[in-house]
Amino acid sequence: MDNIGIRFFDAAFCIYSRFFRKDWRNILILWDVESSNPGDMAIFFHKHPVFFHALCWLIYMQLTYLYNVPKIENVVYMHIVFSCILYAIVFYANLFSLWFFEQKNIKWWYSCALLVVLFFVLATLGYIAIYHLFPLFGIKLFYEHVPFKITLYLRNILPMYIKYTSYALIYYFVLRAFRAIQYGRRADEAKFQVERERFSYEQALLRAQINPHFLHNTLNFIYTEALTLSKSLSDSIFKLSTMMRYFLENAATGKQLVPLHRELEYLNTYLEINNKRFGGTKQVVFEFEGDPYGLTIPPLCFITLVENAFKYGDLSDPMCPMRIKIIVDRHKIYFYCSNKKKAAVPQESGNHIGLKNLEKRLKAIFNNKATLTRLDENGIYTIELLISLL
């Protein structure tokens, strides 16, 4: 008996899958996320939703049969199978009707009237199936000694209709909730992608404003000329040329990540040049803890934060120097910089373009694993960057 029921169900769903268009079949899908594992069961059900529903109905039939065995004497399994066929027809008829009402934007009162009409249509089809079609297979879902009365028949099938219509409503609204969540997630991803592309475009425009190759080659030429004039001058030019090469090889080419130790070398060179530039009048304390090798970071990440301190900070007070501290380990990269603010700085000076640009890059690369916090308190400006590597 079990095998006959399974074969019948397989044939019915095969006919169903060929009859309905793809757009109708998609309403049966509860998820829409592709798995990275080709053997994942969810992928199979995603591509073949009919099998998912067939499996659910087979399980439901088994549970219904087991539930009725101790209550009804001589329960016939095929009676359960054919009854579930009727239940499934009611369920999917209402489900597809709800989907149709949604697609056509039919008013709710008109939809309710159509559902009432659907009840009488299904009641008529049920009468034909129960009293004329199923008996051809030896299945009698009615008492032969009880005469047929239309009122008694409608009263008997109404609870069943309400029950499986309720199941269709629950399934429909759960499906809508899943789709709303997926739509929101995809909208966020699309917005993020647009922001990332716009950011890349802005970077390309900035890189196009000046040819870094020309600057680098010119600095190399000036360095060669300055060797015969001043060792200090040639050293400064060489350091500047080294910084330009780093920028050319990494930032100007659009690399997202560079070795951390290279970024630290670039920062050290920048601090050395500024120390010579200002004759040691700028008070800077730089500390580093950890092993920089084997880690990566966005190019010009630290320099953007330090440049702001040089530009807007008062670094002439030995009692309140600019403090730079970098701590790295296999779990995180932590950057800290604090400086005394100048007495008068124009409001919204520079519009923080560098910081906004850095925040976009960190968001694009690390998503929520990177946090950039700023604190302006008692004349001291502090900025912290924490990148989680877990």
Please determine whether the number of non-hydrogen atoms from other residues, nucleotides or ligands lying under 6.0 Å from atom [atom1] of [X] exceeds 12.
{"X": "Lys276", "atom1": "NZ", "value": "yes"}
{"X": "Phe278", "atom1": "CZ", "value": "yes"}
{"X": "Phe192", "atom1": "CZ", "value": "yes"}
{"X": "Phe238", "atom1": "CZ", "value": "no"}

Do [X] and [Y] sit in one hydrophobic cluster, given that two such residues count as connected whenever their side-chain heavy atoms are within less than 4.5 Å of each other, even indirectly?
{"X": "Ile89", "Y": "Tyr92", "result": "yes"}
{"X": "Phe120", "Y": "Tyr164", "result": "yes"}
{"X": "Phe100", "Y": "Tyr171", "result": "yes"}
{"X": "Leu375", "Y": "Tyr381", "result": "no"}
{"X": "Ile365", "Y": "Leu389", "result": "yes"}

Given 3.5 Å as the limit, does a donor-acceptor pair link the side chain of [X] with the main chain of [Y], or not?
{"X": "Tyr127", "Y": "Ile150", "value": "no"}
{"X": "Glu263", "Y": "Ile297", "value": "no"}
{"X": "Arg262", "Y": "Tyr246", "value": "no"}

Between Glu102 and Tyr172, does any side-chain donor sit less than 3.5 Å from a side-chain acceptor?
yes

With sequence neighbours excluded, what pairs up with Asp376 under the salt bridge (Lys or Arg N to Asp or Glu O under 4.0 Å) test?
Lys341

With a 4.0 Å cut-off, would you call Lys363 and Glu359 a salt bridge?
no

Distance-minimising heavy-atom pair for [X] and [Y]:
{"X": "Ala168", "Y": "Leu98", "result": "O-CD1, 4.2 Å"}
{"X": "Val258", "Y": "Pro298", "result": "CG2-C, 4.3 Å"}
{"X": "Leu264", "Y": "Pro292", "result": "CD1-CB, 3.6 Å"}
{"X": "Asn339", "Y": "Ala309", "result": "OD1-CB, 3.6 Å"}
{"X": "Ser166", "Y": "Ile162", "result": "OG-O, 2.7 Å"}
{"X": "Leu86", "Y": "Ala129", "result": "CD2-CB, 4.2 Å"}

When rounded to the nearest 0.5 angstrom, what is the spacing between [atom1] in [X] and [atom2] in [Y]?
{"X": "Glu272", "Y": "Leu267", "atom1": "CD", "atom2": "CG", "answer": "10.0 Å"}
{"X": "Tyr266", "Y": "Ile303", "atom1": "OH", "atom2": "CD1", "answer": "5.5 Å"}
{"X": "Arg374", "Y": "Cys337", "atom1": "CZ", "atom2": "SG", "answer": "13.0 Å"}
{"X": "Leu141", "Y": "Ile130", "atom1": "CG", "atom2": "CD1", "answer": "6.0 Å"}
{"X": "Thr371", "Y": "Phe366", "atom1": "OG1", "atom2": "CZ", "answer": "11.5 Å"}
{"X": "Gln283", "Y": "Asn275", "atom1": "CD", "atom2": "CG", "answer": "9.5 Å"}

Considering only distance and modelled atom types, tabulate donor-acceptor pairs under 3.5 Å from the side chains of residues 318-332, sequence neighbours left out.
residue: Asp329; atom: OD1; partner: His331; partner atom: N; Å: 2.7
residue: Asp329; atom: OD1; partner: Lys332; partner atom: N; Å: 2.9
residue: Asp329; atom: OD2; partner: Lys332; partner atom: NZ; Å: 3.0

His261 vs Glu265, side chain to side chain contact (heavy atoms under 4.5 Å, CB included): CA-CA, chis, key distance, verdict:
CA-CA 6 Å; His261 70 275; Glu265 290 172 2; 3.9 Å; yes

Parallel, tilted or perpendicular, judged at 30° and 60°: which one describes the rings of Phe302 and Phe335?
parallel

Report yes if the distance between the aromatic ring centroids of [X] and [Y] is under 6.0 Å, otherwise no.
{"X": "His53", "Y": "Phe91", "value": "no"}
{"X": "Phe310", "Y": "Tyr270", "value": "yes"}
{"X": "Trp57", "Y": "Tyr60", "value": "yes"}
{"X": "Phe134", "Y": "Phe137", "value": "no"}

For Ile170, what residues pass the side chain to side chain contact (heavy atoms under 4.5 Å, CB included) criterion, not counting sequence neighbours?
Val174

Steps toward side chain to side chain contact (heavy atoms under 4.5 Å, CB included) verdict (Asn308, Ile383)
CA-CA 10 Å; Asn308 277 343; Ile383 190 162; 5.8 Å; no

Decide side chain to side chain contact (heavy atoms under 4.5 Å, CB included) for Val81 and Tyr65; before the verdict, give the C-alpha distance in whole Å, the side-chain angles of both, and the deciding distance to 0.1 Å.
CA-CA 9 Å; Val81 172; Tyr65 177 74; over 6 Å; no

Any side-chain heavy atom of [X] sitting closer than 4.5 Å to one from [Y]?
{"X": "Lys340", "Y": "Ile380", "value": "yes"}
{"X": "Asn274", "Y": "Lys282", "value": "no"}
{"X": "Ser97", "Y": "Leu114", "value": "no"}
{"X": "Asn94", "Y": "Leu118", "value": "yes"}
{"X": "Ile387", "Y": "Leu362", "value": "yes"}

Go through the steps to decide whether Leu358 and Cys301 satisfy the test side chain to side chain contact (heavy atoms under 4.5 Å, CB included), and finish with yes or no.
CA-CA 7 Å; Leu358 176 60; Cys301 184; 3.8 Å; yes

